[in-house]
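Comments concern the structure below.
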Amino acid sequence: MTTYRAYIVGLHSRSIGVVNMDCADDDAAINSASRLVDSHDIELWQMDRPVARFDAGSKQVYRK
């Protein structure tokens with residue numbers, strides 16, 4: 001399992017929270033992080049590598 005972090009993004013692109021996740025791969029992590037999207041954007045990272053960004057307003061996922 002690989003450790004991923006899903007950062008909850010607030011105003012001015014500042015992190016207001018973090019959720020640690022252990023997932024088998026990027027696809028599993030993206031699927032898990034997509035459940036966290038509500039009124040805030042989510043940035044998904046694996047160590048220092050950006051994986052994806054979830055835009056709460058448009059419900060779009062941008063893979064990095």
Side-chain angles (χ1 to χ4, degrees):
M1 288 287 182
T2 303
T3 301
Y4 292 84
R5 289 189 176 178
Y7 292 94
I8 302 165
V9 181
L11 292 175
H12 309 294
S13 296
R14 296 184 65 118
S15 176
I16 59 173
V18 65
V19 176
N20 293 316
M21 302 181 296
D22 290 323
C23 299
D25 56 22
D26 286 359
D27 291 331
I30 288 169
N31 186 39
S32 294
S34 69
R35 297 182 195 136
L36 299 173
V37 179
D38 56 11
S39 60
H40 292 94
D41 294 350
I42 301 291
E43 284 192 2
L44 180 63
W45 290 72
Q46 189 269 320
M47 302 278 295
D48 62 345
R49 180 178 65 90
V51 177
R53 182 175 176 103
F54 301 82
D55 184 74
S58 68
K59 304 295 185 199
Q60 293 290 317
V61 178
Y62 303 98
R63 293 189 122 194
K64 305 263 178 152

For this session: Output all residues satisfying salt bridge (charged side-chain N to carboxylate O under 4.0 Å, His left out) with R53, sequence neighbours left out; order by chain, then residue number.
Result: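 Testing R53 for salt bridge (charged side-chain N to carboxylate O under 4.0 Å, His left out), a comparison that skips the adjacent residues, returns D41, E43.
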Problem set entry | Path from V9 to Y4 over hydrophobic side-chain contacts below 4.5 Å |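 No, V9 does not connect to Y4 through the hydrophobic network.
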Exercise. Same cluster or not: are I42 and I16 linked, directly or through other Ile, Leu, Val, Met, Phe, Trp or Tyr residues, by side-chain heavy atoms under 4.5 angstrom apart?
Worked result: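 Yes, same cluster.
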Exercise. Which residues, ordered by chain and number, are linked to V18 in its hydrophobic cluster, where ILVMFWY side chains connect at heavy-atom gaps below 4.5 Å, directly or through other members?
Worked result: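 V18 shares its hydrophobic cluster with Y7, W45.
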For this session: Give the other cluster members for Y62, using side-chain heavy-atom distances under 4.5 Å between Ile, Leu, Val, Met, Phe, Trp and Tyr residues; answer none if it is isolated.
Result: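 Under the 4.5 Å side-chain rule, Y62 groups with nothing.
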For this session: Not counting sequence neighbours, list each pair that qualifies as a salt bridge (charged side-chain N to carboxylate O under 4.0 Å, His left out) and has a residue in residues 9-28.
Result: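 The answer is D26-R49, D27-R63.
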Between side-chain atoms of residues 28-40 and protein atoms elsewhere (two or more places apart, or another chain), which donor-acceptor pairs fall under 3.5 Å?
unit_1	atom_1	unit_2	atom_2	d
S32	OG	A28	O	3.2
S34	OG	N31	O	2.7
D38	OD1	H40	N	3.2

Exercise. If you round to the nearest 0.5 Å, how far is CZ of R5 from CD of Q46?
Worked result: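 The CZ atom of R5 is 11.0 Å from CD of Q46, to the nearest 0.5 Å.
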For this session: Of all the heavy-atom pairs spanning T2 and A24, show the shortest one and how long it is.
Result: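 Looking at all heavy atoms of both residues, the closest pair is OG1-O, 4.4 Å.
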